[in-house]
Amino acid sequence: MTQPLIGVDLVPFSRVRELLDPGIGPLLRRYLSAEELTVSRTPDGAPDQARIAGRLAAKEAVFKLLGAVGRPVPWQGIEVLRGPGGRPGIRLSGRAAELARDAGLGPIDVSISHDAGFAIAVAASSTSADRPRASGHPHASDHPRASDRPSIADHPRASDRPSIADHPRASDRSLVPDHPLSFDHPISQQSATPKGMP
């Protein structure tokens, strides 16, 4: 049986601007590998704050999967590179790879998004539920197994709770149109051509 793990992190672009400040030196090189720095540039060669913030958020989200609470982040050992189809991919090495092995992690998937001056990343993986985890991790071996944890369905009143199927109009088919939407439906009368296109 496997247990899903999720890590998430949010990085403001202002943090990246601080790391790019020439007055503080090449600090960004401590966090991103040479390959990551290369793919984190705009078409004109300038550092791309959104891509950098996304990579930093992804590294922290992946670190949260490793179960290394209280330990330093192995920044260079977690690389966020372009995977197949341009999706972000994770490459672990050194201490990060060792922590992933110790945690029994399967493949790691990551998603990155940025908007309004922030980047957010979500990392997901799974581990064997019967494999002991590193001490200090929220899923450490001294925690109850997922199958031993109480479920909301076990609550004495769970079966007494009303369901949407119990609503008096749930079987009232008058709320459902007799036919599927067609191209002559008023909503679809609007132009399907994107703005700015002839």
Side-chain angles (χ1 to χ4, degrees), residues 1-16 18-20 26-42 47-149 151:
M1 184 170 140
T2 61
Q3 180 171 340
L5 299 173
I6 297 176
V8 65
D9 198 66
L10 179 74
V11 173
F13 292 1
S14 60
R15 180 174 167 200
V16 174
E18 290 169 7
L19 293 173
L20 291 170
L27 192 55
L28 199 55
R29 287 183 179 10
R30 290 179 49 196
Y31 298 102
L32 299 178
S33 69
E35 192 172 350
E36 287 174 307
L37 287 168
T38 300
V39 296
S40 298
R41 298 209 168 271
T42 62
D48 186 324
Q49 291 181 21
R51 288 182 182 170
I52 293 169
R55 282 188 166 77
L56 293 174
K59 286 173 178 256
E60 296 220 26
V62 168
F63 180 69
K64 291 173 182 176
L65 298 176
L66 301 178
V69 177
R71 297 181 188 164
V73 176
W75 293 104
Q76 292 289 326
I78 303 170
E79 289 182 285
V80 183
L81 303 168
R82 288 186 196 182
R87 292 184 53 194
I90 300 297
R91 181 169 60 197
L92 300 177
S93 62
R95 182 73 180 132
E98 183 181 314
L99 289 168
R101 267 190 309 277
D102 291 347
L105 290 185
I108 298 172
D109 205 6
V110 68
S111 180
I112 302 170
S113 185
H114 18 72
D115 189 27
F118 290 90
I120 188 167
V122 177
S125 186
S126 62
T127 186
S128 175
D130 57 348
R131 182 181 177 104
R133 297 294 308 252
S135 174
H137 190 275
H139 301 290
S141 59
D142 56 338
H143 270 283
R145 300 280 179 242
S147 60
D148 297 336
R149 293 182 187 151
S151 162

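Note that the numbering runs from 1 along the sequence shown for the chain.
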Flag the pair [X] / [Y] as yes when at least one side-chain heavy-atom distance between them is below 4.5 Å, and no otherwise.
X     : Y      : answer
Val80 : Ile112 : yes
Leu99 : Arg71  : yes
Arg41 : Pro47  : yes

Atom of [X], atom of [Y] and distance for their closest heavy-atom approach:
X      : Y      : result
Gly77  : Ala96  : O-CB, 3.4 Å
Ala119 : Gly54  : CB-N, 3.4 Å
Gln76  : Ser33  : OE1-CA, 3.4 Å
Pro72  : Phe63  : O-CE1, 3.8 Å
Ala61  : Ala121 : CB-O, 3.7 Å
Gly7   : Leu65  : N-CD2, 3.6 Å

Qualifying side-chain hydrogen bond (donor to acceptor under 3.5 Å, both in side chains) pairs, either residue in residues 107-126, two or more places apart: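 Non-adjacent pairs meeting side-chain hydrogen bond (donor to acceptor under 3.5 Å, both in side chains): Arg87-Asp109.
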Enter the distance from [X]:[atom1] to [Y]:[atom2] here, rounded to the nearest 0.5 Å.
X     : Y      : atom1 : atom2 : result
Arg51 : Leu32  : CZ    : CG    : 13.0 Å
Phe13 : Leu56  : CZ    : CG    : 11.0 Å
Leu20 : Leu27  : CG    : CG    : 9.5 Å
Thr42 : Gln49  : OG1   : CD    : 10.5 Å
Leu92 : Ile108 : CG    : CD1   : 4.5 Å
Glu98 : Arg101 : CD    : CZ    : 6.5 Å

So which pairs with a foot in residues 1-16 pass salt bridge (Lys or Arg N to Asp or Glu O under 4.0 Å), sequence neighbours left out? Asp9-Lys64, Arg15-Glu60
I'd like to know if the side chain of Lys59 reaches the main chain of Tyr31, judged simply by a donor and an acceptor atom lying under 3.5 Å from each other, with no hydrogens or angles considered. yes
Any donor-acceptor pair under 3.5 Å from Glu79 side chain to Glu36 backbone: no
